[in-house]
There are 2 protein chains.
Amino acid sequence: MGNFKIGELAAAAGVGRDTIRYYERMGLLREPARTAAGYRLYDATDLERVNFIRSAQELGFTLDQARQLLALRASDTAHAQAVLDITLAKITDAEVRLKRLSDIRDMLRLLADECPGEVPVSDCPILTFLTERRRSDHRKI
Amino acid sequence: MGNFKIGELAAAAGVGRDTIRYYERMGLLREPARTAAGYRLYDATDLERVNFIRSAQELGFTLDQARQLLALRASDTAHAQAVLDITLAKITDAEVRLKRLSDIRDMLRLLADECPGEVPVSDCPILTFLTERRRSDHRKI
DNA sequence: ATGCCGGTTGGACCATGGTCCAGGGTCAAG
DNA sequence: CTTGACCCTGGACCATGGTCCAACCGGCAT
């Protein structure tokens, strides 16, 4: 009972058919049962898996990490610490990227604030900055 | 005076030779003069261009945007407003991404704080969250 | 003249996460 | 019986910013 064909699974999960086949190739979904004609047959646990993967992606996990999380979930010996470790690494990673990106934003904002707009490009402080910067370089932004 | 071969330009700019040729193919660098043997010959303005591109990249501009900035810099009719517009768009873009990423970090942090570690994965709140989440979905994270 | 470094080309390949296509088979409705 | 919607496969293709490769040529030192 409750068997879907690929299109139905895809629609239920809000992804494309090709995405389902891609996940299968990537080892995120099991090889499904088939009808006599070769059609893939899925059930509710497959839908749940696809939903899990999508949720993980929304939290910034890669497909590879989603696969690790699925493997941990399926294990009966693993402890939650393993999941926590992955999560903590992801948090650190997010913080590094937040720092880099906010530094960039701050620098752009400084430059934008200095730029009067109504001058020829030759007087644009943004271009001047990009042009001059390397004379004293090799520090990170 | 001051002509470099590609390897010298690459070393001076701190990039690979292939990167120089790649920039040429992408239209970021002019087609350089050649020696009789077909070797590319560069000068200080080419080095300065590569440095400009690298600086732009460090500020989060794509190569495509770097090309636009170079075109503006070379124009004698453009005004600084055009550069400012690109920069402001980049700032907005950075802010959107900062918001998304910090929302993700916050959610991960909440989940990590709830996770005791020393329990079987079946009791891991992170996995539970990923498993359950889609029952009430379709809002952005 | 021999070795070696560095130059040339076109094209393949990397990661990431898919998307699309051709050329065929299947299935239910009209 | 035909039409249309769906499914199958293998492989190409997308963006991004390069990197690496083979197979060849140039130029300098020993």
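In what follows, every chain begins at residue 1, and chains take the letters A, B, ... in the order their sequences are listed.
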Looking only at the side chain of B:Y39 (C-beta and beyond, no hydrogens), which of the listed nucleotides C:dT9, D:dC7, D:dG26 gets closest?
D:dG26

So does A:R21 pair up with A:D18, basic N to acidic O under 4.0 Å?
yes

Quick one: is D:dT19 close enough that its OP1 or OP2 comes under 4.0 Å of any side-chain N or O from B:T19?
yes

Would B:R100 and B:D103 pass as an ion pair if we require N to O under 4.0 Å?
no

Which of D:dT19, C:dT8, C:dG17 is nearest the side chain of B:D18? It is D:dT19

Nearest-nucleotide wise, let me know which of A:G16 and A:A36 is further upstream toward the 5' end of DNA chain C.
A:G16

Students often get this wrong, so: under 4.0 angstrom with heavy atoms, is A:T62 touching a base, only sugar-phosphate, or nothing?
sugar-phosphate

With the side chain of B:K5 defined as its heavy atoms from C-beta on, choose the nearest nucleotide among C:dT8, D:dG18, C:dG7.
C:dG7

Between C:dC21 and A:R21, is there an OP1 or OP2 to side-chain N/O distance shorter than 4.0 Å?
no

Will you find, in the side chains of A:D64 and A:T62, an N or O donor that is under 3.5 Å from an N or O acceptor?
no

What nucleotide, of D:dT9, D:dG18, C:dT19, holds the atom closest to the side chain of B:R54?
D:dG18

Out of D:dG27, C:dG17, D:dC7, which nucleotide sits closest to the side chain of A:R17?
D:dC7

Measure distances between side-chain N and O atoms of B:Y23 and base N and O atoms of D:dG18, and say whether any donor-acceptor pair falls under 3.5 Å.
no

